[in-house]
Amino acid sequence: MNLNRFLCIAGQGAARRLAVGLLLTTAGVLGASAATAASKVEQPIEFPHDTHAGKMGINCLYCHTYARRSAVSGIPPLQKCMGCHQNIESVKDRPRIKQLFEYWEKKEPIPWKKVHDLPEFVRFSHERHVQRFYFKQERPIQEACMPCHGDVKGMTVAEKVQPLSMGWCVSCHEQDHRIDNVSAKTSNGPNDCWQCHK
Amino acid sequence: MDHLNKEKDIREDIAWAQINKDVLRSLEKPRPMFWVLFGLAVAMFSVGVGCEIYQYRTGMGVANMNNPHMWGLYIATFIFWIGMSHSGTLLSAILHIIHADWRKPIYRFAEAMTTFSLMTAGLFVMVHLGRLWQFYYAVPYPNERWTWPNFQSPLLWDAMAIFTYLSSSIIFLYVGSIPDFAICRDNAKGWRKTFYTVLALGWMGTDRQWRNFRVAYLTVACFLIPLAVSVHSIVASDFAMSQQPGWHVTSFPPYFVAGALYSGCAAIITLFIVLRYTFRFEEYMTMPILDKVARLTFAIAMVWTYLNLIEFASVWYGHDPYSKDVLIQKATGPFAPFWWMMIFCGSIVPFALAVKKFRANLTIMMIVSLLLNLGMWLERWMIVAPTYSHGYYPWTWDHDQWPSFVQWGIVFGSFGWFGLLFMIFCKLVPSVSMYEVKEMVYHRTLANKHSREA
Amino acid sequence: MSTTYMLRDWTKLRETHPQPGPAAGHNEYKWAMAIDLDVCTGCNACVVACYAENNLPVVGKEKYSHGQAMHWIRIERYWNEEDIETPHQGAQFLPMLCQQCEAAPCETVCPVGATNHTADGLNSQVYNRCIGSRYCSANCPYKVRYFNWYNYPEQEMVWPEPLPMQLNPDLTVRTKGVMEKCTFCVQRLTAAKNTARNEGRTVKDGEVTTACAQACPTGAITFGNMVDPYSQVSEKWRRQQVELHKDQQDKDKNGGSNGLRGYRIFEELRPYPSIMYLERMRDTKA
Amino acid sequence: MSNINRRDFLKVLGWSGATVAVAGCGNTSVESGAETVMSYVQPEDFVVPGIGVYYASTCTQCEASCGVTGRVREGRILKLEGNPESAINQGRLCGLGQAAVQHHYNPDRLKEPMLRQGGSLQATTWDKAMALLAEKTGNLKGEQFALLSGGLSGHLKVLVQNYVDSLGSKNLYVYDALTPAVNRAVSQKLYGTATPRFHLDKAQVIVSFGADFLDTWVSPVHFASQYAQFRKAQQRMPSEKARGTLVQIEPRMTLTGANADRWIPIIPGTEGILALGLANALLKSGAAAKNLPAAVVSAVQAYDKARINKETGVSGEVFDKLVTLLSERSPSLVLSGPSAEGHAHGAQNAAAIMLLNVVLGNVGRTITAPAKLPFPQLAAAEGNSAALTAFNDGLAQGRFKTVFIYDANPVYTAPEFMKLRDNLQKAEFKVAFAHYLDETALEADLVLPLDSALEDWGTHIAAYQSGGIELTMQQPLMEKLYPNGTRSLGDVMLDLLKQRRADEYKGFADYYTYLKIALTRNKGAFSDAPADDEAFWNQALSHGVLRVKGQEQPISVNAAALDITQPAPTGDDQFPFHLVPAVRSGFRDGRHANLPWLQETPDSLTTLVWDSWVEIHPKTAERMGIKEGDILEIASKNGSIKTQAYLFPGVQPDTVAVPLGQGHEALGRYAKGVGVNPFKLLDPVFDQSTGELAMHATRVKVSKTGAHVKVVKEEGWSPLPINTQQGRKLVATIAADKANLSKEV
């Protein structure tokens with residue numbers, strides 16, 4: 001267990017992988033496979049998060065509206081995009097917006113590519129995390145999302161910046177987090193295997 | 001002084017050069033027959049491999065296990081091979097400590113047997129796993145998932161014990177044969193020369209080397225004995241620690257160890273006869289030695305029988321109706337033929353060893369030893385299967401489950417694998433320890449001189 | 001389960017005997033059942049419900065004949081030994097599922113800790129962790145653990161298109177070589193707990209139930225939280241004077257002629273099962 | 001919400017095999033951008049990905065019409081559960097009902113219309129098919145057309161009826177192999193209503209002559225929940241603080257029999273005699289003979305204990321116990337079931353049995369009349385087997401040119417002696433409205449695939465109404481799997497009607513609008529219906545149940561109308577055994593045999609799976625040297641079947657039982673070639689008064705073939721001839737009077 005602590009101090013990602021790798025090659029391999037480096041994904045429309053979340057400062061939950069209610073954060077329905085863009089004359093002629101309108105006219109959903117994809121046997125709930133770190137702790141939304149999704153303000157299309165691997169999840173679940181913004185009470189994340197494994 | 005008027009374990013006038021010559025002959029270019037047998041072993045092994053591949057790709061179902069028959073021949077045979085492995089330790093380590101020097105001509109191949117049967121047993125643990133490709137989850141190493149195996153589980157103890165035992169018995173085997181490697185080196189040519197040169201680690205036979213050698217050898221021997229006992233006790237606790245009727249028995253660990261030594265000795269007799277015949281080792285693997293081994297085996301057989309009876313008694317007079325139920329099923333149920341066969345082979349047949357005339361007859365000894373081994377294998381099977389078919393829960397009783405060809409195939413293959421390793425061994429390592437035989441001869445002559453002077 | 005947790009949980013969940021509540025490390029929940037055998041008619045509705053909820057494969061005749069069926073809950077039918085000739089008192093039905101033992105024999109023996117105790121008093125089975133040593137099943141007195149002998153998703157009769165569309169996305173389809181068993185529909189429990197947490201409360205009695213209990217036409221199965229003293233299930237246990245942490249109930253000590261029907265199967269083996277059965281009744285005047 | 005909208009939010013979202021994980025495939029890392037994630041174009045705000053939405057509908061697996069709610073996620077229907085709103089099943093649902101999803105997703109479902117061309121069925125289009133129907137029915141004389149249908153109710157019944165009328169035909173044959181038609185007829189005579197309400201929960205004692213109300217009879221789920229009340233003493237009114245006692249009298253143990261406090265095996269066909277014996281004894285022991293005609297009172301005199309013992313095989317001691325039980329505890333309830341009614345004198349049996357309710361004064365207490373349905377045209381038309389006989393005769397005489405068959409599989413269910421398969425050939429154009437290519441569809445010239453019950457609209461009114469009358473709504477739970485392949489029968493009927501009476505039906509775009517208009521028009525007939533049409537409609541859909549305002553009516557008794565004369569039991573040396581075609585709750589008349597869940601679910605009593613078997617009493621088996629798994633030949637005058645023997649103590653020694661539902665030659669991969677079909681064996685015996693096929697009157701002989709198989713069953717190996725607990729305390733039993741129920745909750 002002390003060893004674990006050591007690894008924890010050794011920190012996320014590379015450093016720990018190195019440590020592990022030294023200890024046992026197999027582990028090294030696993031570690032490497034688990035924590036894939038940040039990767040840029042080809043999307044049907046190169047959606048500029050930087051403009052929306054950054055320049056416009058739109059709340060993440062405005063578009064990813066299911067995140068507070070459901071396990072999945074949800075890709076905004078086409079209707080949502082149109083809701084604003086129908087009335088924004090200034091950018092109507094931009095190529096990306098054109099694409100958007102095409103989809104809308106065809107009434108077919110945009111085949112977005114998954115960026116943050118978890119293995120199918122993982123039971124992850126956006127709802128719980130948003131409730132705790134956004135509503136309960138009353139942090140700015142960016143802060144609540146950042147630990148997993150990175151600084152989206154700076155990206156055009158979203159990029160995967162964290163390994164999203166088991167050890168990485170556990171490392172955060174083991175730490176104590178404040179219950180809410182008033183009380184000093186803290187608690188750590190659930191540690192039953194069944195909380196995340198389905 | 002009755003040992004004088006007995007036939008001698010070994011001729012005292014045998015020349016040391018002669019010993020080298022005889023033993024090294026066993027390493028010479030093999031006869032055609034060797035290749036025939038070798039091919040046979042390979043064939044057997046590949047049957048096993050074939051079955052395993054099939055099972056690996058299709059799933060354990062093809063072994064025709066089910067609920068409740070969760071374990072099958074694999075575990076039974078696993079225990080069998082572990083048992084085998086006790087022979088070497090017994091002969092080399094234990095007898096070494098108690099200075100029974102008649103062991104010297106025969107301990108080398110016994111040790112080899114230990115190592116190889118352990119390797120075979122290890123395979124069965126793997127074969128048994130439903131998800132072989134994930135076996136490393138059972139290895140305690142710090143990993144990305146931050147997970148550890150369950151240190152409460154007897155299976156984990158098993159894995160560790162076996163691994164330790166295997167590695168240390170390999171060391172033991174190797175250390176013990178360094179001086180002989182040196183002899184081989186001095187007599188070998190070509191690639192064999194380099195081969196033995198590497199293995200001999202520059203052994204010159206200086207006093208210092210001999211002193212260190214003795215210490216090292218003794219240390220490993222002492223280290224090995226508790227291991228040998230523990231490893232089979234732990235295998236026993238796989239069952240004793242669980243709470244199934246017929247398994248949950250306190251006397252299991254000693255019972256298992258006894259059984260192990262028993263099957264080990266039986267196997268030694270078999271290989272003794274085989275080697276004596278193939279390599280014409282009549283000079284070294286002499287009848288008196290066989291006689292001693294046989295008597296030892298008989299003794300152990302009786303211990304085993306005794307422990308067996310104890311187990312029955314404790315179950316019979318115990319408070320647990322379920323275990324009693326299982327015992328009755330063993331004796332009367334569908335497994336009865338095998339069970340009685342085991343009793344016969346394990347407790348009746350050994351009485352043949354009590355007869356001097358039989359002990360002197362190689363053919364009979366061969367047959368007996370094989371029967372004993374069969375009995376010991378059946379014993380393991382009779383521990384695993386009946387409890388499953390007749391456990392606590394009557395709704396899941398299943399009396400007509402029978403292992404599929406896959407299970408039989410893999411068990412069959414394991415013998416091929418063992419044979420394979422052993423044959424290779426015989427051609428690379430002197431299967432009789434030359435330097436120790438020399439010692440033995442030397443000691444005997446001294447002893448005689450003294451007794452004559454007296 | 002990281003080392004920190006491993007060690008902590010073992011001391012907490014294994015050493016103390018399972019008093020529902022914090023003593024045994026059940027902070028908010030201890031899921032348990034009471035099954036009334038007097039109204040269980042053996043109609044198998046629960047079995048089908050389980051197949052539907054938990055993505056159980058239909059193995060087919062040949063594998064069934066080898067005893068490789070995968071039903072997490074099974075209805076057992078016994079006959080009365082007294083009247084073998086004609087069963088005047090009908091048959092005896094018993095729904096048998098994982099008893100979610102508090103000191104589960106299966107947990108201690110798993111070499112990789114794929115099955116271990118959750119803080120809700122469930123006996124969890126983590127498919128990804130399982131390496132298929134089958135020791136847990138070997139050690140289960142009830143034989144309610146089921147092993148994936150084959151890769152069922154690949155068997156062409158099991159889920160031919162479009163049958164897979166029915167599969168429940170809240171839990172996985174198990175691959176070959178892993179052990180599985182009744183989970184008390186943990187996917188439902190987790191969902192209910194999440195909702196409750198969001199509203200800053202604990203799950204109310206009757207808010208969540210298992211598929212079998214929900215389907216049962218006679219309501220023979222009661223499911224609930226034993227930590228909540230007012231839940232139906234703890235009420236039943238209390239009325240029957242069956243206590244989770246005892247391996248022999250006080251009421252049974254003096255011959256047990258007290259007319260109470262509650263009992264647990266193989267209590268004497270000390271697994272401390274979380275399912276209490278209520279004795280089946282028969283009118284002797286009829 | 002409009003139909004269009006529904007389609008949109010029932011849309012299946014990005015379904016792929018990967019949506020359901022295969023655990024432990026070991027890939028703990030997932031490559032980004034590998035999968036696409038779909039979203040709705042215009043979402044309904046109550047649809048949230050990752051969260052199940054529940055829609056109310058109606059179960060169509062049997063006639064009980066339980067309310068169901070379907071769990072829909074990402075547009076896929078995952079699971080059916082009971083609808084708590086429905087008074088029929090009160091949120092519960094049997095295995096058969098839950099298996100409906102497997103009808104919907106069944107790999108063997110028909111995906112496109114098929115037309116017989118050159119001897120074989122070829123794929124065709126709906127347009128062609130409809131045109132062909134128009135042509136074939138165009139200039140057809142009314143009597144040349146016949147429609148054979150399964151049980152009908154609600155608006156679909158109206159449409160079908162109207163269509164048949166529009167062709168000027170009288171030949172609408174509503175057929176169901178298993179409805180207790182005899183019971184209905186006799187009830188009609190005695191109580192003045194065919195479907196009286198039974199109050200099991202109010203009864204102290206229930207004596208059931210083969211009525212398997214827990215598993216297969218009339219409305220099992222409803223009766224099961226009533227049964228729970230009946231058993232759980234503490235839930236009953238304080239006045240009657242006893243746990244109800246159930247006595248089951250039948251030749252072969254049903255699930256209900258297995259749950260009885262006393263199961264009494266009886267020689268098949270002699271139930272009436274026993275009933276009259278009871279009546280006699282009860283009257284002697286001073287039961288009130290009021291509203292009993294003198295004729296009856298005198299008639300029962302003849303049935304004394306000795307005779308009962310001799311003719312029914314029920315021992316005097318058992319008989320006495322029963323008499324005391326009935327005379328001591330009141331109210332009681334006596335039920336007459338198929339095994340008593342399935343004889344040439346079935347009606348007399350039923351009459352004799354129901355007479356007991358009059359003798360015991362149960363009528364009006366545990367038996368009451370159902371409320372009156374304001375619109376009889378929607379009332380359930382329950383099928384009966386007399387309809388099949390009539391239909392078959394029509395075919396045999398070659399009276400029909402065009403034949404429609406819907407929701408029935410006569411080729412499979414008709415006994416051999418009817419020669420229905422051959423007779424069917426005499427009709428020149430046969431149309432099968434089907435879900436599968438079953439035996440009947442294979443004989444048809446045109447096969448029209450229908451929507452599954454989970455894709456279709458509809459309304460149902462169960463024949464048996466427990467409380468106030470319920471009209472249950474059926475609505476699609478997901479978009480059609482085969483949008484261009486399958487159609488709703490309602491839509492088809494509308495189109496056909498438009499072919500005949502265009503002006504009358506032009507107002508209705510499709511079945512959906514028809515239903516909506518039809519219901520909203522007379523929403524006055526339903527209790528607490530909102531004034532606004534949309535509100536009413538949405539409420540109807542969200543609740544799935546509409547309560548009909550029907551006024552209660554008193555129940556009448558007319559014992560004089562009953563014919564209770566009992567023929568003397570006859571033997572048959574050549575065919576010594578009685579055959580009981582046992583109904584399995586999972587398969588019913590065989591229509592559900594292609595559902596894998598139901599094939600894999602063990603039979604409750606024998607625990608066998610995936611096959612047929614013949615149940616034979618261990619003693620009889622011993623006498624004939626039969627072991628479990630021996631292949632036996634069961635031969636009647638009309639044919640023979642070969643299947644495995646299962647030694648079953650719950651069967652009367654001169655009786656053998658073979659379960660119904662297996663032995664399909666077609667239907668689908670899970671049903672085809674599994675087991676045998678006892679329908680084929682049945683003797684041409686009919687109930688004299690109703691003309692119903694007497695299902696329990698067949699005599700057979702049993703012989704060993706020498707072959708032997710391993711019986712595939714759930715129950716474990718046992719050293720005893722039957723499976724017991726081997727001394728373990730698994731199912732503990734306590735005498736009811738010993739149990740201390742006062743404390744229980």
Side-chain angles (χ1 to χ4, degrees), chain B residues 56-71 75 125 128-139 142 145-159 238-239 241-245 247 320 322 384 387-388 391-398 400-401 404, chain C residues 1-7 10 14 59 63 65-70 74 76-78 94 96 105 107-116 128-152 154 175-179 265-266 269-271:
Chain B
Y56 182 95
R57 297 160 119 262
T58 327
M60 295 302 291
V62 297
N64 192 17
M65 297 185 198
N66 64 7
N67 185 16
H69 283 274
M70 282 288 168
W71 295 351
I75 294 297
V125 179
H128 167 78
L129 287 185
R131 297 208 300 162
L132 173 50
W133 53 95
Q134 301 285 32
F135 79 94
Y136 58 80
Y137 282 172
V139 184
R145 298 178 301 278
W146 299 30
T147 52
W148 296 91
N150 176 2
F151 295 103
Q152 284 184 318
S153 166
L155 268 192
L156 199 68
W157 311 344
D158 247 8
D238 280 348
F239 298 89
M241 289 276 170
S242 86
Q243 88 188 131
Q244 291 307 299
W247 288 0
D320 180 359
Y322 309 118
V384 176
T387 287
Y388 277 126
Y392 280 120
Y393 210 78
W395 187 257
T396 57
W397 283 355
D398 176 358
D400 46 19
Q401 188 266 3
S404 75
Chain C
M1 164 179 58
S2 80
T3 335
T4 335
Y5 287 136
M6 183 175 72
L7 300 171
W10 280 354
R14 290 269 168 65
V59 299
K63 293 188 177 60
S65 72
H66 290 134
Q68 294 166 341
M70 298 298 287
R74 58 176 189 247
E76 296 167 4
R77 190 272 296 111
Y78 299 104
L94 176 70
M96 178 46 70
E107 285 169 10
T108 45
V109 295
C110 174
V112 292
T115 174
N116 43 54
N128 293 69
R129 182 65 174 168
C130 179
I131 60 171
S133 76
R134 309 193 286 293
Y135 201 168
C136 50
S137 173
N139 207 22
C140 173
Y142 310 92
K143 292 281 174 279
V144 284
R145 296 178 143 266
Y146 299 92
F147 187 71
N148 285 270
W149 298 106
Y150 296 90
N151 196 355
Y152 291 109
E154 277 179 7
T175 181
K176 78 174 172 217
V178 301
M179 189 62 74
I265 295 174
F266 290 144
L269 301 179
R270 298 197 186 82

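In this text the structure is predicted, and so the values were computed from the model without any measurement. Labels below follow one simple rule: chain letters A, B, ... track the order of the sequence lines, proteins then strands, and each chain is numbered from 1. The analysis underlying the following values was restricted to heavy atoms, covering all of them including side chains, and did not include hydrogens, waters or symmetry mates.
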So which of [options] has the largest heavy-atom pair count under 4.5 angstrom toward chain B?
{"options": "C:Glu76, C:Met96, C:Lys143", "value": "C:Glu76"}
{"options": "C:His66, C:Arg129, C:Glu154", "value": "C:Arg129"}
{"options": "C:Pro141, C:Cys140, C:Ser137", "value": "C:Pro141"}
{"options": "C:Ala114, C:Pro111, C:Pro105", "value": "C:Pro111"}

Rounded to the nearest 0.5 Å, what separates atom SG in C:Cys130 from atom CD in B:Gln134?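 Between atom SG of C:Cys130 and atom CD of B:Gln134 there are 10.0 Å.
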
Of the non-hydrogen atoms in [X] and [Y], which two are nearest, and what is the gap between them?
{"X": "C:Tyr150", "Y": "B:Val62", "result": "OH-N, 3.5 Å"}
{"X": "B:Arg131", "Y": "C:Gly177", "result": "CG-O, 3.3 Å"}
{"X": "C:Arg134", "Y": "B:Leu129", "result": "NH1-C, 4.4 Å"}
{"X": "C:Trp149", "Y": "B:Asn67", "result": "CZ2-N, 4.2 Å"}
{"X": "C:Ala138", "Y": "B:Tyr388", "result": "CB-OH, 3.0 Å"}
{"X": "C:Asn128", "Y": "B:Tyr137", "result": "O-CE1, 3.2 Å"}

Residue part contacting chain C, namely of [X], when any heavy atom lies under 4.5 Å:
{"X": "B:Thr58", "value": "both"}
{"X": "B:Asp400", "value": "neither"}
{"X": "B:Gln243", "value": "both"}
{"X": "B:Trp157", "value": "neither"}

Under 30°, 30 to 60°, or over 60°: which ring-plane class applies to B:Tyr322 and C:Phe266, parallel, tilted or perpendicular?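 The rings of B:Tyr322 and C:Phe266 stand perpendicular, inter-plane angle above 60°.
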
Structural part of C:Leu94 lying under 4.5 Å from a heavy atom of chain B: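 Contact with chain B: side chain only.
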
C:Arg74 versus chain B, heavy atoms under 4.5 Å apart: side chain, backbone, both or neither?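 Side chain only.
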
I'd like to know if the side chain of B:Asn150 and the backbone of C:Cys110 have a donor-acceptor N/O pair within less than 3.5 Å.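 The answer is yes, because a donor-acceptor pair under 3.5 Å joins these two groups.
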
Between B:Asp238 and C:Tyr135, does a side chain to side chain contact (heavy atoms under 4.5 Å, CB included) hold up when you go through it step by step? CA-CA 9 Å; B:Asp238 280 348; C:Tyr135 201 168; 4.1 Å; yes

Report the residues that fulfil ring pair (Phe, Tyr, Trp, His ring centres under 6.0 Å) with B:Phe135, sequence neighbours left out, ordered by chain and then residue number.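 Listed in chain order: nothing, the list is empty.
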
Could you have a look at B:Ser153, B:Ala138, B:Gly59, B:Ala63 and say which one has the most heavy-atom pairs with chain C under 4.5 angstrom?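 The residue among B:Ser153, B:Ala138, B:Gly59, B:Ala63 with the greatest pair count is B:Ser153.
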
Applying side chain to side chain contact (heavy atoms under 4.5 Å, CB included), can you list everything that pairs with B:Leu132, at least two apart in sequence or on another chain?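 Partners of B:Leu132 by the side chain to side chain contact (heavy atoms under 4.5 Å, CB included) criterion, ordered by chain and then number, come out as B:Glu52, B:Tyr56, B:Met126.
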
